[in-house]
Amino acid sequence: RPFYNLMMFPYPSAEGLHVGNFFAFTGADVYGRFKRLQGYQVFEPIGFDAFGIHSENFAIKTGTHPARLIPRNIANFRSQLTRLGGMFDWRHELSTTDPAYYRWTQWLFLQLYRAGKAYRKKAAVNWCPNDKTVLANEQVITGACERCGAQVEQRFLEQWFFRITDYAERLLANLDDPVKMDWSASTTTAQRNWIGRSEGAEIEFAGDAGPIRVFTTRPDTLFGATFMVLAPEHPLVDRITTEAARPAVQAYRRAAAAKDIVTRKVGEKDKSGVPTGGFALNPATNQPVPVWVADYVLMEYGTGAIMAVPAHDERDFAFAVMHQLPIVRVLARPGETGATPVHQAETGETGCRLVNSGPFSELPAGEGFRRIVDWLEQEGKGKGTVQYRLYDWCISRQRYWGPPIPIINCRGCGPVAVPEQDLPVLLPEIADFQPDDSGISPLARHKEWFEVPCPRCGQPAHRETDVSDTFLDSAWYYLRYLSTELGNRPFHPDRMKRWLPVASYIGGNEHAVLHLLYSRFIAMVLCDQGLLPFEEPFRRFRAHGTIVKDGSKMSKSRGNVVIPDRYLARWGADSFRMYLMFLGPYEEGGDFRDEGLAGPRRFLDKVWELVQQCEQRTSAGQEVHQGIVVKWHQTVKRVTTGLKTLSYNTAIAALMEFLNALRAVNCSERRMVKDMVVMLAPFAPHFAEECWERLGGAGSVFDASWPAWDEALTVEHKVEIPVQVNGKTRSKITVPRGAAESTVLAAALRDRQISKFLDGKQPKKVIYVKDRLLNLVVGS
RNA sequence: GCCGGGGUGGCGAAAUUGGCAAACGCAAGGGACUUAAAAUCCCUUGGGAGCAAUCCCUUGCGGGUUCGAUCCCCGCCCCCGGCACCA
């Protein structure tokens, strides 16, 4: 009964594990231990995601080489994780920086390359002219370099991409397949939005310099397209621009190119733009419309060109007003003629009809959409299409601390894959891993490393000097865990079949789109290549919540960061684990307060007392209080379902209640105490182990079996039900379970309180919910 | 702006998704034990009125549906997270 219990492996920072990590790992570990107690063979691996910009930046800051920094950090993490008490299988530990690991990351790149899913193209990157380095988007703060404050510019570099967009439809479709994916809804919606499917049409406008293709989600508004806008990078800009307009257009394009990507996309949303002087024909009206260039149109989305419908699009409207372009209304709400001038942008909401749209006028918007697409297809001027917001995955990093991309560039042969037997392409340990004036990637300064013969023709060639994105490392680590000792292959097919897909994956929702989407994509490609027997790697995924301190997110600048080590030393790992699991619903997180730790600790102390009482008594038997038996069945049920649904806080509450019940009747019956210890074990493994031994349990408590409850015994024979008059509870009566309405009603009518409120009147209506409540309605 | 998650005692939170609101825990107050303190144990603790039995009010705000709403519907307000010129 294999059960793969996965949690997101940490990035080994110099600061050590923070409470968020502890919370994440404890919750996942509790689940793994629970499954083990239920009789599953649980595989719970751990590893380190140690490549990447974070480590590199820290190394630059402290002047320590990452190759020495990382092992130190990992050693610290290992000891913290051990103290936490995770059920980790250390035999399968891995680090992405280990050549025995990244050899296969490079192999993975080659599989994608062979499958035609990896390609090279020029793309914009953020470039700091002062530090002479490429920056990640997160390192650009309002257009300036995070480190030196210099204005960041855009550069176009040749980079490697993965064709994740080829999989957009499948990535989307599987989200709705409950057999393949049982995921937190918040995560699947995040992925849906990220993939961003839009249905619409591609339409061709005949232009002065050849046809211009646009994508629109609203072909029904075609008659309202009064101008067109090209992205500054659009290839047709040069050709369509008239001589008179050329200086202005060129200046505009230069200015757009100088803006960094972040400012360009999220900065001020002014609708700047210049006319090209050229025109194109609106295929519906046959009227010429002016063609403009503006950077609010992005080259990366759709066709890089739009038809502008200012009457019904907010951005086009703002642009038209600013540049005094015509606005023609083609949608009207019920009762409107459409002749009224438009002062603000309107979208075609439900109930809108087409107006000013020739033969399509008067059609409802939805039907107009379909009819216009049909017409475009007949005329050969367009077709219905689907667009995705998802972009291809750029995996090139002009950095040092990552796996070198296994490609050799040859003047004659072009890019050539490094032969598999030559893998890994080792990352050389260089002293000058910091960026400086000399070039693009630090590796590009090391001729002795990048100058190699072409594997195909033998002529002098050079290695790719970029390294790959860390997200590629983490996109397949769960496959490697199972085969860490194998030197000659990335993973063993038999083990893939037996252990995968992952039965439970728990992690933070900050990875809802990148890591979790990339991993799915990589699995799909490998599946299509016949290398994996499944296409969805994580059958069940749950996003855990976040821990805040005093109502706000923990951060160094706020000074409210909780250092877990202190708490472990003071309260013990088990109290700490229990507290973390008790402070709120696991999928929501909660507020960390120092005072709260006392509760779980006191609870464990009381259990300990109970165990000692059992030890001191030699005779195993003790009379068991009748009410306790019902409580026992209820507790087993509540704890079991709580663990299943990750409602750890209520599972712990149930255990506390059970303890209180035992103490109330002074019961320390050994079998019950043993069962409680078993149910406690996922949360407090060290403590439970000790108790188990003292109670005379055989072997480890984790070899015990999980108690089973009897549904029939979870209910009392007698129930107390509230009696309401006009919906307000006025009394409570105790009746046998399952009592008939007549019995309960008779008992209620005998009740003094009730007769007082009835005041001699007969109830007009009686509502009886068996074992729940009785409501007598007399009217006012 | 769009998407997602929330708003319940002094605090963290429960509530079988329409049936006794506040389980469990923290903190606070009172008491027991102690020379004293800590620890432990017992009691009280949503707000208001009352000597009391008891009554009235209370799940962000305003409406609605219902015998009955923390839960469903409509209209708002606020907080957290993500995405954001996506045509």
Side-chain angles (χ1 to χ4, degrees), chain A residues 184-190 192-194 196 198 200 214-218 221 225 229 231 264-271 294-298 300-309 313-316 318-319 387-391 509-510 512-513 543 545-546 548 550-553 578-579 582-585 587-600 602-603 605-606 609 637-638 641 647 649-657 659-660 663 720-732 753 756 763-769 771-779:
Chain A
S184 289
S186 57
T187 314
T188 52
T189 35
R192 255 179 227 112
N193 294 342
W194 187 263
S198 296
V214 300
F215 172 74
T216 177
T217 53
R218 298 302 301 271
T221 63
V229 184
R264 166 83 185 273
K265 281 194 172 173
V266 306
E268 9 55 275
K269 293 177 180 174
D270 69 334
K271 292 289 172 286
D295 68 1
Y296 83 91
V297 174
L298 307 172
E300 306 93 273
Y301 187 76
T303 62
I306 62 157
M307 64 176 213
V309 184
D313 180 277
E314 221 178 301
R315 296 150 303 168
D316 297 346
F319 194 84
Q387 268 292 327
Y388 299 94
R389 215 196 64 126
L390 183 70
Y391 300 129
N509 231 0
E510 68 271 19
V513 283
T546 45
V548 297
D550 307 320
S552 52
K553 216 172 160 179
M578 280 202 96
Y579 173 61
F582 185 60
L583 56 62
E587 287 172 272
E588 280 167 39
D591 201 344
F592 189 97
R593 314 182 121 252
D594 289 15
E595 306 92 325
L597 273 146
R602 281 203 271 262
F603 166 70
D605 286 342
K606 287 175 199 167
E609 217 172 88
K637 181 181 178 179
R638 286 175 64 194
T641 53
S647 314
N649 54 334
T650 54
I652 292 171
L655 287 168
M656 288 174 166
E657 271 186 60
L659 175 82
N660 292 344
R663 284 163 63 91
E720 189 187 50
I721 66 168
V723 181
Q724 303 181 333
V725 178
N726 287 336
K728 292 196 173 177
T729 304
R730 297 302 181 184
S731 184
K732 288 169 188 180
Q753 271 296 113
K756 185 176 129 198
K764 278 195 220 154
K765 195 170 170 186
V766 176
I767 290 127
Y768 176 59
V769 183
D771 301 333
R772 284 243 177 270
L773 123 165
L774 180 73
N775 186 11
L776 307 176
V777 184
V778 289

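When reading the values below, keep in mind they use all heavy atoms of this one structure, side chains included, and skip hydrogens, waters and symmetry mates. Just so we're on the same page: letters track the sequence lines, and every chain starts at 1.
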- Task: To the nearest 0.5 Å, tell me how far Thr216(A) OG1 sits from Gln387(A) CD.
- Result: 11.0 Å
- Note on the structure: dist Thr187(A):OG1 -> Arg192(A):CZ (nearest 0.5 Å) comes out at 10.5 Å
- Query: Going through the distances and angles, do Asp313(A) and Phe319(A) end up as a side-chain contact (heavy atoms from CB on, under 4.5 Å)?
  - Reply: CA-CA 10 Å; Asp313(A) 180 277; Phe319(A) 194 84; over 6 Å; no
Once you apply the 3.5 Å cut-off to both distances, tell me the Watson-Crick or G-U wobble partner of [N], or none.
{"N": "rC11(B)", "value": "rG25(B)"}
{"N": "rA84(B)", "value": "none"}
{"N": "rC61(B)", "value": "rG75(B)"}
{"N": "rA69(B)", "value": "none"}
{"N": "rU34(B)", "value": "none"}

Looking at every non-hydrogen atom in both residues, tell me the closest pair between [X] and [Y] and how far apart they are.
{"X": "Tyr391(A)", "Y": "Glu300(A)", "result": "CE2-O, 3.4 Å"}
{"X": "Val297(A)", "Y": "Ala231(A)", "result": "O-CB, 3.3 Å"}
{"X": "Tyr579(A)", "Y": "Arg593(A)", "result": "OH-N, 3.0 Å"}
{"X": "Thr641(A)", "Y": "Arg638(A)", "result": "OG1-O, 3.3 Å"}
{"X": "Lys271(A)", "Y": "Ala318(A)", "result": "CG-CB, 3.9 Å"}

Please work out if [X] contacts a base, only the sugar-phosphate, or nothing of the nucleic acid, heavy-atom cut-off 4.0 Å.
{"X": "Asp316(A)", "answer": "nothing"}
{"X": "Glu510(A)", "answer": "nothing"}
{"X": "Ser198(A)", "answer": "sugar-phosphate"}
{"X": "Ile767(A)", "answer": "base"}
{"X": "Lys606(A)", "answer": "sugar-phosphate"}
{"X": "Asn775(A)", "answer": "base"}
{"X": "Glu720(A)", "answer": "base"}

- Below 4.5 Å, heavy atoms only, C-beta onward: do Asp591(A) and Val548(A) meet side chain to side chain? yes
- Query: Below 4.5 Å, heavy atoms only, C-beta onward: do Ile306(A) and Tyr301(A) meet side chain to side chain?
  - Reply: no
- Query: Looking at Asn509(A), does any N or O in its side chain come under 4.0 Å of the phosphate oxygens OP1/OP2 on rG5(B)?
  - Reply: no
Which value, in whole Å, describes the distance between the [atom1] atoms of nucleotides [N] and [M]?
{"N": "rA22(B)", "M": "rG12(B)", "atom1": "C1'", "answer": "13 Å"}
{"N": "rC73(B)", "M": "rG18(B)", "atom1": "C1'", "answer": "13 Å"}
{"N": "rG4(B)", "M": "rC43(B)", "atom1": "C1'", "answer": "45 Å"}
{"N": "rG81(B)", "M": "rG68(B)", "atom1": "C1'", "answer": "36 Å"}
{"N": "rG7(B)", "M": "rA21(B)", "atom1": "C1'", "answer": "16 Å"}
{"N": "rG25(B)", "M": "rG9(B)", "atom1": "C1'", "answer": "14 Å"}
{"N": "rC71(B)", "M": "rG60(B)", "atom1": "C1'", "answer": "16 Å"}
{"N": "rG29(B)", "M": "rC67(B)", "atom1": "P", "answer": "48 Å"}

Among [options], which is the nearest nucleotide to the side chain of [X]?
{"X": "Met656(A)", "options": "rA87(B), rA84(B), rC24(B)", "answer": "rC24(B)"}
{"X": "Glu657(A)", "options": "rC11(B), rC24(B), rC67(B)", "answer": "rC24(B)"}
{"X": "Thr217(A)", "options": "rC11(B), rA87(B), rC85(B)", "answer": "rA87(B)"}
{"X": "Thr189(A)", "options": "rG12(B), rC86(B), rG4(B)", "answer": "rG4(B)"}
{"X": "Arg315(A)", "options": "rG12(B), rA14(B), rC86(B)", "answer": "rC86(B)"}
{"X": "Arg593(A)", "options": "rC55(B), rC11(B), rC24(B)", "answer": "rC11(B)"}
{"X": "Asp295(A)", "options": "rG19(B), rG12(B), rC85(B)", "answer": "rC85(B)"}
{"X": "Arg663(A)", "options": "rC67(B), rG6(B), rC41(B)", "answer": "rC41(B)"}
{"X": "Val297(A)", "options": "rA87(B), rG6(B), rG19(B)", "answer": "rA87(B)"}
{"X": "Asn649(A)", "options": "rG19(B), rA13(B), rA87(B)", "answer": "rA13(B)"}

Can you measure [X] atom [atom1] to [N] atom [atom2] for me and round it to whole angstrom units?
{"X": "Leu773(A)", "N": "rU66(B)", "atom1": "CG", "atom2": "C1'", "result": "14 Å"}
{"X": "Glu588(A)", "N": "rA13(B)", "atom1": "CD", "atom2": "C1'", "result": "10 Å"}
{"X": "Leu776(A)", "N": "rG68(B)", "atom1": "CG", "atom2": "P", "result": "14 Å"}
{"X": "Asp605(A)", "N": "rC41(B)", "atom1": "CG", "atom2": "C1'", "result": "14 Å"}
{"X": "Glu609(A)", "N": "rC41(B)", "atom1": "CD", "atom2": "P", "result": "7 Å"}
{"X": "Arg389(A)", "N": "rC2(B)", "atom1": "CZ", "atom2": "C1'", "result": "11 Å"}
{"X": "Ile652(A)", "N": "rA14(B)", "atom1": "CD1", "atom2": "P", "result": "12 Å"}
{"X": "Glu300(A)", "N": "rA84(B)", "atom1": "CD", "atom2": "P", "result": "12 Å"}

- Message: One character per nucleotide, please: for nucleotides 26-31 of chain B, 5' to 3', B when the base has a protein heavy atom closer than 4.0 Å, S when only the sugar-phosphate does, - otherwise.
- Response: SS----
- Query: Quick one: does Ser184(A)'s side chain have a donor or acceptor within less than 3.5 Å of a partner on Ala543(A)'s backbone?
  - Reply: yes
- Please determine, by modelled atom types, if Tyr296(A) and Asp316(A) share a side-chain donor-acceptor pair under 3.5 angstrom. yes
- Task: Tell me which of Arg772(A) and Ile721(A) sits closer to the 5' end of RNA chain B, going by the nucleotide each one is nearest to.
- Result: Arg772(A)
- Query: Closest nucleotide of RNA chain B for Phe215(A) versus for Arg730(A): which of these residues is on the 5' side?
  - Reply: Arg730(A)
Is there a donor and acceptor pair closer than 3.5 Å between the side chain of [X] and the base of [N]?
{"X": "Lys732(A)", "N": "rC20(B)", "value": "yes"}
{"X": "Arg638(A)", "N": "rU16(B)", "value": "no"}
{"X": "Lys764(A)", "N": "rC67(B)", "value": "no"}
{"X": "Tyr301(A)", "N": "rC85(B)", "value": "no"}

- Message: Need the glycosidic conformation of rG82(B): syn if within 90° of 0, anti if not. Which one?
- Response: anti
